[in-house]
Asker: 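I'd like to ask some things about the structure below.
What's counted below: heavy atoms across the whole structure, side chains too, no hydrogens, waters or symmetry copies. When a residue number appears, it is its place in the shown sequence, counting from 1.
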Amino acid sequence: MPDLIIQNARVIDGTGADGFFADITVADGIITSIEPVIESVIEPGSEPVSASVKGTGMDRASAKIIDGSGLVVSPGFIDIHTHSDFSLLLEPTADSRVSQGVTTEVTGNCGGSPAPILDSGKDAFMEYMTDLGKHYKRHLPDQAWQFKTLDDFYDHLYTKGTAVNVAPLVGHSTLRANVMGYANRVPDQTEMQRMKHLLRQELEKGAFGLSSGLIYHPGAFARSPELAQLTAEVAAFNGMYSTHMRSEGTFLFEAVDEALATARQSGVSLEISHLKCETPAMWGKASLVLEKIHQARQEGIQVHFDQYPYTAYGTGLIEIFPPWAKECGAKQMRQILNSPKTRKKVRADMINPSSGWENPMEGLDWDQARIMGYTLPENQKLNGLTIRALAEVLGLEPVEAVFQVYCQEKGGLSMIVFAMSEQDLITILKDPLGMIGSDGRSVSPLGPSGKSPVHPRFYGTFPRILGKYVREKQVISLEQAIHKMTGLPAKKIGLKDRGLIQKGRAADLVLFDPNTVKDQASFDHPHEYPQGIVHVMVNGRLVIENGRHTRALPGKRLVRD
């Protein structure tokens, strides 16, 4: 007996195949039929009454009817790269996610997961979280930082419920911080075994793999043998290794080589996070990077990548400082800036393009980076200002302005850097190995995060693909876009019951208007919902109905089979 019937919609099933018109029935959170015709005596939009469903063997069914005329129905979008781990504790309704059609988030990316946390490693973990999670440290109780396993964390999360499903990865930096702190060296045999043990425990309980953030410390201290040993554990469980590579700019090719070498040695399924050509010196080289990736595929390496459809990236402000200064975290960074001698050295390294490190501002102007995330009341007026504008307000040189606000705020600031080219973005988007990932979090305009600017990708990633790059620019077809958002990521991470519209699969579904869907969030006004996403269903329950959040919390913590 169906709970819900979708009629008259164009079905794009996530396989990449052409769309077709059909009616879909859902019962107990599962797709129960996909039929060319469903005869019903229920008027669209009416309350559930009796319906006769052709081809299902049911003479009568009490069901809610959704009229999909003029709409596309697709699998719920799977965001393969998010950072919603802690934000879902604060905002379980996941407004910025479900409003754009996301029904499943892959969390624990860029090396950071909320667990496992050892008693002996908590201080180092909390230092690691200063720049990545200061916002959450301010709002969450102490118990939010004491989960010994991912099961502990997600059991706690889902006692309250969330609107989205979550597929967690284990963070490499989380493992390293707990076992080794901020030690800049190769792990000894005991430490290596402890990291492998912690990872294996999480994989045995259903974690989907491992992530690394090789520009973030302490993960940046790891070298290839360490990564190969850990990813071999992941490969044994048929899991995925997602990596924020050591470079996405000047040393992009070397970073890709390192990621591919790790996969080649361990046999792990490799996912390159938010692939881009990050600095002007690398613009126009996207096709060469893709050529390298496809060559690896021919060698048998299971490599894919994801991207977001923006030419600006977001990261912690700490990444603007040279490696030697930031490698032990925010506290030591402040100590370095408070010493005239070391402050002078940091300044020299930041403004000297030949200093031998990958300066994120190289080739860019100070008005191409915005700083946000201020917590002090007196600094709220600075939120979202470019570094040049910040310097003018403070009456300082740009570098000195950065030093001042970083020390005042005790770290924890973030920045958006406009550093990529549109043509490279399009070149990467056309490639069939690519998926879509927002690199965002679950936030809302009225929640704790709504008081500070965020990257517009938090709200607009998937509608932007559908509106700007499918309908307007016609870079890829609608079927290709949906495949990149659903079937391909489901296959990559091992979700056997999601990502496709097929009988017996979970009823994670999105209905959108292909003629009006578009993102509305901008860098000046980021907390704006998209338009054209009409209905969103998670595990058979409507979380978005006629464009409005129902406040339902039907999400689940997913586990790898």
Asker: Take atom NZ in K556; do more than 12 heavy atoms of anything else shown fall under 6.0 Å from it?
Answerer: no

Asker: How far apart are the C-alpha atoms of E472 and K518, what are their side-chain angles, what is the distance that settles it, and do they pass the salt bridge (Lys or Arg N to Asp or Glu O under 4.0 Å) test?
Answerer: CA-CA 10 Å; E472 296 175 10; K518 64 181 295 186; 5.3 Å; no

Asker: Just jot down the side chain to side chain donor-acceptor pair (under 3.5 Å) partners of Q307, sequence neighbours excluded, or say none.
Answerer: none

Asker: Hey, are the side chains of F253 and L288 touching, using non-hydrogen atoms and a 4.5 Å cut-off?
Answerer: yes

Asker: Are V517 and R471 close enough that some pair of their side-chain heavy atoms sits under 4.5 Å apart?
Answerer: yes

Asker: If every non-hydrogen atom of L425 is compared with every non-hydrogen atom of P309, which pair is closest and at what distance?
Answerer: CD1-C, 3.5 Å

Asker: Could you tell me whether the side chains of S84 and T107 share a donor-acceptor contact shorter than 3.5 Å?
Answerer: no

Asker: Donor-acceptor pair, distance only, cut-off 3.5 Å: does the side chain of E233 make one with the backbone of L199?
Answerer: no

Asker: Which residues pass the ring pair (Phe, Tyr, Trp, His ring centres under 6.0 Å) test with H549, not counting sequence neighbours?
Answerer: none

Asker: Answer yes or no: is there a donor N or O on one side and an acceptor on the other, between the side chain of E528 and the main chain of Q520, under 3.5 Å?
Answerer: no

Asker: Do the non-hydrogen side-chain atoms of T82 and V102 ever get within less than 4.5 Å of each other?
Answerer: no

Asker: Roughly how far, to the nearest 0.5 Å, is CG of D367 from CG of L385?
Answerer: 12.5 Å

Asker: Sequence neighbours left out, what passes side chain to side chain contact (heavy atoms under 4.5 Å, CB included) with S99? Give chain and number order.
Answerer: Y529, P530

Asker: Just verifying a value: how many Å separate L203 CG and L169 CG, rounded to the nearest 0.5 Å?
Answerer: 9.5 Å

Asker: Looking at G555, is its backbone amide N or carbonyl O close enough to the side chain of N165 to form a donor-acceptor pair, meaning the two atoms are under 3.5 Å apart?
Answerer: no

Asker: To the nearest 0.5 angstrom, please state how far the CE atom of M415 sits from the CE atom of M372.
Answerer: 10.0 Å

Asker: Applying salt bridge (Lys or Arg N to Asp or Glu O under 4.0 Å) as the test, list every pair that has at least one member in residues 265-290; sequence neighbours left out.
Answerer: E248-K276

Asker: Is the side chain of S87 donor-acceptor paired with the backbone N or O of S442 at a distance under 3.5 Å, no angle test?
Answerer: yes

Asker: Inspect the surroundings of CZ in R297 and state if more than 12 heavy atoms from other residues, nucleotides or ligands are less than 6.0 Å away.
Answerer: yes

Asker: For H83 versus N109, what's the shortest heavy-atom pair and its separation?
Answerer: CE1-O, 3.4 Å

Asker: How would you list, by chain and number, every residue that makes a ring pair (Phe, Tyr, Trp, His ring centres under 6.0 Å) with F221, sequence neighbours excluded?
Answerer: H217

Asker: T386 vs R370, test: side chain to side chain contact (heavy atoms under 4.5 Å, CB included). Steps then yes/no.
Answerer: CA-CA 4 Å; T386 67; R370 300 186 182 205; 4.0 Å; yes

Asker: Would you say that V402 contacts I371 through its side chain, given a criterion of any heavy-atom pair below 4.5 Å between the two side chains?
Answerer: yes

Asker: With sequence neighbours excluded, what pairs up with K503 under the side chain to side chain contact (heavy atoms under 4.5 Å, CB included) test?
Answerer: none

Asker: Are the side chain of K484 and the backbone of I436 linked by a donor-acceptor contact shorter than 3.5 Å?
Answerer: no

Asker: Measure across G499 and A490 and return the closest heavy-atom pair with its distance rounded to 0.1 Å.
Answerer: CA-CB, 3.7 Å

Asker: Name the one of V543, L89, L157 that satisfies side chain to side chain contact (heavy atoms under 4.5 Å, CB included) with T162?
Answerer: L157

Asker: Hey, does the side chain of R505 reach the backbone of K496 with a donor-acceptor pair shorter than 3.5 angstrom?
Answerer: yes

Asker: Kindly write out the residues that satisfy side chain to side chain contact (heavy atoms under 4.5 Å, CB included) with H455, not counting sequence neighbours, or none if the list is empty.
Answerer: Y310, A312, I416, R457, F458, F523

Asker: S113 side chain to G108 main-chain N or O, any donor-acceptor pair under 3.5 Å?
Answerer: no

Asker: Looking at G111 and S211, what are the two nearest heavy atoms and their distance?
Answerer: N-OG, 2.9 Å

Asker: Please walk me through it: do D257 and R264 pass salt bridge (Lys or Arg N to Asp or Glu O under 4.0 Å)?
Answerer: CA-CA 10 Å; D257 284 340; R264 185 178 293 111; over 6 Å; no

Asker: Going by heavy atoms in the side chains, are I320 and M350 under 4.5 Å from each other?
Answerer: yes

Asker: Quick check against the 3.5 Å criterion: does R560 have a side-chain atom that pairs as donor or acceptor with the backbone of A207?
Answerer: yes

Asker: Drop me the distance from R441's CZ to L90's CG, to the nearest 0.5 angstrom.
Answerer: 10.0 Å

Asker: Please check this pair: side chain of D497 against backbone of A506, looking for a donor-acceptor N/O pair closer than 3.5 Å.
Answerer: no

Asker: Please identify each residue that fulfils side chain to side chain donor-acceptor pair (under 3.5 Å) with K473, with sequence neighbours left out.
Answerer: none

Asker: Tell me every residue that passes side chain to side chain contact (heavy atoms under 4.5 Å, CB included) with T243, counting only those two or more places apart in sequence or in another chain.
Answerer: S212, L214, Y241, M245, A259, L270

Asker: Within a radius of less than 6.0 Å around CD of Q265, do more than 12 heavy atoms belonging to other residues, nucleotides or ligands occur?
Answerer: no

Asker: Parallel, tilted or perpendicular: which one describes the rings of F77 and F462, with boundaries at 30° and 60°?
Answerer: parallel

Asker: Test side chain to side chain donor-acceptor pair (under 3.5 Å) on E362 and T250 and set out the steps.
Answerer: CA-CA 9 Å; E362 187 171 349; T250 304; 4.5 Å; no

Asker: Which atoms form the tightest heavy-atom contact between Y128 and T174, and what is the distance?
Answerer: CE2-OG1, 4.3 Å

Asker: Any non-hydrogen side-chain atom of P445 less than 4.5 Å from a side-chain atom of Y459?
Answerer: yes

Asker: One pair to check against side chain to side chain donor-acceptor pair (under 3.5 Å): S69 and D67. What are the steps and the verdict?
Answerer: CA-CA 6 Å; S69 299; D67 182 10; 2.7 Å; yes

Asker: Taking salt bridge (Lys or Arg N to Asp or Glu O under 4.0 Å) as the cut-off, I'd like each qualifying pair that reaches into residues 10-20, sequence neighbours left out, listed once.
Answerer: R10-E479

Asker: Tell me the closest heavy-atom pair linking P75 and T486, and the distance in Å.
Answerer: O-CG2, 3.5 Å

Asker: Could you state the interatomic distance from CG (L542) to CG (L509), rounded to the nearest 0.5 Å?
Answerer: 9.5 Å

Asker: Return yes if some donor-acceptor pair links the side-chain N/O of D23 with the main-chain N/O of N8 below 3.5 Å, else return no.
Answerer: yes

Asker: Please identify each residue that fulfils ring pair (Phe, Tyr, Trp, His ring centres under 6.0 Å) with H244, with sequence neighbours left out.
Answerer: Y216, H274

Asker: Once rounded to the nearest 0.5 Å, what's the spacing between atom OG1 of T104 and atom CZ of R498?
Answerer: 5.5 Å

Asker: Show me the pairs that pass salt bridge (Lys or Arg N to Asp or Glu O under 4.0 Å) and involve residues 93-108, at least two apart or across chains.
Answerer: D79-R97, D95-R551, R97-E105

Asker: Step through the shown structure and confirm whether more than 12 heavy atoms of other residues, nucleotides or ligands are within 6.0 Å of CD on Q295.
Answerer: no

Asker: Looking only at side chains, do T461 and S438 share a donor and an acceptor under 3.5 Å apart?
Answerer: no

